[in-house]
Amino acid sequence: MRVEHADDTSHQQEMKATFATELGMPMFNNEPVAIILFNMITKFCNGSASHFPVKKVLLLLWKTILVSMGSLKELHQTKNEMRRAAGLPEWPEDNVEVCRNIRASTPPAAGMEFMDGRRSRQARQDAFDPFSDADEEEEVANSEDQSPGTPRPGSPVAEPVETPVIKVNKALPWRSKVREKDLEQFLAQTRQKFVGLKVHNDLNSLAGLPNPIHEGVKVLKEHIYVSLSEVQIKQEEEVTKNPLSQSDIAETAAEALYRSMLPNLPQYMISLLKLLLAAAPACKPKTDSINILADVLPEEMPTTVLDSMKLAIDVNRHKEIIVKAISGLFLLLLKWFKLNHIYQFEFMSQHLVFANCIPLVIKFFNQTILAYVQTKNSISVLDFPECVLSEEEELSAETLETGDSQTCCWRNMFSCINLLRILNKLTKWKHSRTMMLIIFKSAPILKRALKVKHAMMQVYVLKLIKLQTKYLGRQWRKSNMKTMSAIYCKVRHRLTDDWAFGNDMDARPWDFQAEEYALRSCVDRFNNRRYVNDGYDPDFKPVDNNLQSILGEEVQLTMEFKMNYEKWLEREVHGTQIDWDLLLRH
Ligand SMILES: *[C@@H]1O[C@H](CO)[C@@H](O)[C@H](O)[C@H]1NC(C)=O
């Protein structure tokens, strides 16, 4: 379904598109397949249906959404179409493509990082080994040099190749960005400093500012990036000011899914996080936690060594697949909702944060992550299609044990990258959530994750470290120069961001609630306006004059009424003649 074939006829293409559309449409009980599956997961987690094969339900849910909404590649195309429609220039950069051209760096030393140019031959060779654990080796500003041996997705372990001459000035991989807000702030500061004036809503006037500032403004303007989210937030503000103006809502697959998920979205998030926790490798099984192994464990425990080994592998594989499906699902939903409407994304994010997603992911990475991406929990002779195509091979405890320690478990690598991207999505531009990264001491945990020599994974780890550098203090930065330089080389630059030098000691975790409440009220207004009142202001809703429904309505009585109800009863009921026959005839 999801792979385009060059020889697909137009009829086949049409059939595929129709299938994808139908998959997102209401079916039984007026619910689309995804909602049926979400509800199965909630039931499984609250114990009312513990016999459901939860791994399969999760996989099916993820794939259903992948087919009906599209993959991240299609999302990138849709994003550019939407940008064009909103009058914004297209954004050609595709994260996966950019990461392909970034070279993974050698892991920083465990303790202090030094910047001497020593590079042994061994170190150069290790540089091409994604799992090199050499703590001593060095990396100067060459982390960007590319060579034919650059590990790429699909070929984790490239042949060791002699590195050519180290190139220092390689172009940065990402285009720099500036928000309009940043330019505004920059102009406000410089105007205050040089002219002593405030000028509102003017990003052009440079009167009285010295030449270097003109240059600076020119550079900033060249890198301005207006996101769709900013446009959507502005539109929301407009609609709030003029409640009668309704903006058109495009009926996309994401819109339909969000609308049907909305009533139970918090429960879905909680259930999925519970399952993620139960499947995390570092998690110790608690007596009250959900049992995710019901559909792997046989009725009778194995008696032979071979069978025990097979079962152990199967249990681990089962958990890995659950993590993969949940992390893939979260990322896919976050990204599609973000594109469709920023407040749909914020609603889902907030529920993930409230359900402790941030510490959970940090905890997930608080394991030997290098070992996790190298596990080999599969039995190749039992894998499809090998098990049907190849000669039957004798399985023995010995053949199970011999595994190549240099192979990569792409399943787990994929999960790790997804979880890092989710964490990035939740914390970006959110001060209070960035503070959570610090409170839960994520920096050393993330630094350890850099040992996995995979460019894309490192980029997302470095982004998370970059967010925090301001708060970690000068001493931390001085002793982590290699990490700092890796951030400089690999993470997008925001031109006015002083992440490397700024000292924000004013880390205010107690602002957490204020920030989340402000966001919450925007999200609630958005949801109420679009989904709760069918898009109408409650004042304009038709009056309910159905006797049955009025009598069934629960009315909250005020304290004042309760204290004076006898007077009211006297005056309005006992003191008046009511012609019941007349009333009932109406
Ligand atoms: C990480 O693991 C170590 C040792 O297992 C433990 O002491 C520490 O509290 C953990 N940190 C987090 C954030 O879970």
Checklist entry - Quick one: are L419 and L276 in side-chain contact, heavy atoms under 4.5 Å? => result yes

Checklist entry - Measuring from Y531:OH to F347:CZ, what's the distance to the nearest 0.5 Å? => result 10.5 Å

Checklist entry - Which of these passes side-chain contact (heavy atoms from CB on, under 4.5 Å) with I369: M457, M413, R448? => result M457

Checklist entry - Salt bridge between E236 and R529, side-chain N to carboxylate O under 4.0 Å? => result yes

Next on the checklist: If the threshold is 4.0 Å, N to carboxylate O, is there a salt bridge linking R494 and D182?
Outcome noted: no

Next on the checklist: Given 3.5 Å as the limit, does a donor-acceptor pair link the side chain of W336 with the main chain of G70, or not?
Outcome noted: yes

Checklist entry - Do any N or O atoms from the side chain of S442 and from the backbone of L437 form a donor-acceptor pair under 3.5 angstrom? => result yes

Checklist entry - Would you call E238 and K241 a salt bridge, using N to O less than 4.0 angstrom? => result yes

Checklist entry - Side-chain donor-acceptor pair under 3.5 Å between Y258 and N527, yes or no? => result yes

Next on the checklist: Looking at R103, is its backbone amide N or carbonyl O close enough to the side chain of K490 to form a donor-acceptor pair, meaning the two atoms are under 3.5 Å apart?
Outcome noted: yes

Item to check | F365 ring center within less than 6.0 Å of Y372 ring center | outcome: no

Item to check | Distance, nearest 0.5 Å, that separates CG of L339 from CE of M69 | outcome: 10.0 Å

Next on the checklist: In this structure, is the centre-to-centre distance between the rings of H454 and Y460 below 6.0 Å?
Outcome noted: no

Checklist outcome for this item: With L183 as partner, the option from V217, T496, L495 fulfilling side-chain contact (heavy atoms from CB on, under 4.5 Å) is V217

Item to check | Spacing of L206 atom CG and E215 atom CD [to the nearest 0.5 Å] | outcome: 10.5 Å

Next on the checklist: I'd like to check T240 versus E237 (side-chain heavy atoms, cut-off strictly below 4.5 Å). Are they in contact?
Outcome noted: no

Next on the checklist: Check whether T368 reaches the backbone of A371 with its side chain - one donor and one acceptor, N or O, closer than 3.5 Å.
Outcome noted: no

Next on the checklist: The test is salt bridge (charged side-chain N to carboxylate O under 4.0 Å, His left out); show your working for R492 and E93 and say whether it passes.
Outcome noted: CA-CA 12 Å; R492 186 193 307 286; E93 236 171 39; 2.9 Å; yes

Item to check | Between NZ on residue K478 and CE on residue M481, distance to nearest 0.5 Å | outcome: 10.5 Å

Checklist entry - Should we count CD of E4 as having more than 12 external heavy atoms under 6.0 Å? => result no

Next on the checklist: Using modelled atom types and a 3.5 Å cut-off, is there a donor and acceptor pairing between side-chain atoms of Q374 and backbone atoms of C408?
Outcome noted: no

Checklist outcome for this item: Applying ring pair (Phe, Tyr, Trp, His ring centres under 6.0 Å) to F345 and not counting sequence neighbours gives none

Checklist entry - Do Q458 side-chain atoms and A104 backbone N/O form a donor-acceptor pair below 3.5 Å? => result no

Checklist entry - Backbone N or O of L88 within a donor-acceptor pair of the R83 side chain at under 3.5 Å? => result no

Checklist entry - Taking H223 for the side chain and V219 for the main chain, is one N or O donor matched with an acceptor at less than 3.5 Å? => result yes

Next on the checklist: Using modelled atom types and a 3.5 Å cut-off, is there a donor and acceptor pairing between side-chain atoms of Q350 and backbone atoms of E516?
Outcome noted: yes

Item to check | Passing candidate, side-chain contact (heavy atoms from CB on, under 4.5 Å) with I102, options V491, L172, V459 | outcome: V459

Next on the checklist: Please determine whether a side-chain nitrogen of the Lys or Arg among R100 and E97 lies less than 4.0 Å from a carboxylate oxygen of the Asp or Glu.
Outcome noted: yes

Next on the checklist: Strictly by salt bridge (charged side-chain N to carboxylate O under 4.0 Å, His left out), give each pair with a member in residues 332-359 just once, sequence neighbours left out.
Outcome noted: E346-K430

Checklist entry - So do Q468 and L446 actually touch side chain to side chain, heavy atoms under 4.5 Å? => result yes

Item to check | Full working for ring-ring contact (aromatic ring centres under 6.0 Å, His included) between H493 and Y488 | outcome: CA-CA 8 Å; H493 286 250; Y488 182 89; 4.6 Å; yes

Item to check | Donor-acceptor pair between T78 and E81 side chains, under 3.5 angstrom | outcome: no

Item to check | Quiz item: cation-pi between K177 and W91, 6.0 Å / 45° | outcome: yes

Checklist entry - So, the side chain of H214 versus the backbone of L209: is there a donor-acceptor pair under 3.5 Å, distance only? => result yes

Checklist outcome for this item: Distance col, row L228:CG vs Q232:CD, nearest 0.5 angstrom, shows 5.5 Å

Checklist entry - Quick one: CD1 on I224 to OG on S176, what's the gap to the nearest 0.5 Å? => result 13.0 Å

Show me the donor-acceptor pairs, under 3.5 Å and distance only, between side chains in residues 192-202 and residues at least two apart or in other chains.
residue, atom, partner, partner atom, Å
D202, OD1, N204, N, 2.7
D202, OD1, S205, N, 3.0

Checklist entry - Are F337 and L257 close enough that some pair of their side-chain heavy atoms sits under 4.5 Å apart? => result yes

Next on the checklist: Assess the residue pair R530 and E255 against the criterion (salt bridge (charged side-chain N to carboxylate O under 4.0 Å, His left out)); give the C-alpha distance rounded to whole Å, side-chain angles, the decisive distance to 0.1 Å, and a yes or no.
Outcome noted: CA-CA 11 Å; R530 283 186 31 158; E255 182 64 34; 3.0 Å; yes

Next on the checklist: Quick one, F186 and I213 - any side-chain contact, counting heavy atoms below 4.5 Å?
Outcome noted: yes

Checklist entry - Just wondering, more than 12 heavy atoms not from K441 lying within 6.0 Å of its NZ? => result no

Checklist entry - Parallel, tilted or perpendicular: which fits the ring planes of F526 and H341, with parallel below 30° and perpendicular above 60°? => result tilted

Checklist entry - Does NZ or CZ of R477 come closer than 6.0 Å to the centre of the six-membered ring of W499, within 45° of the ring's axis? => result no

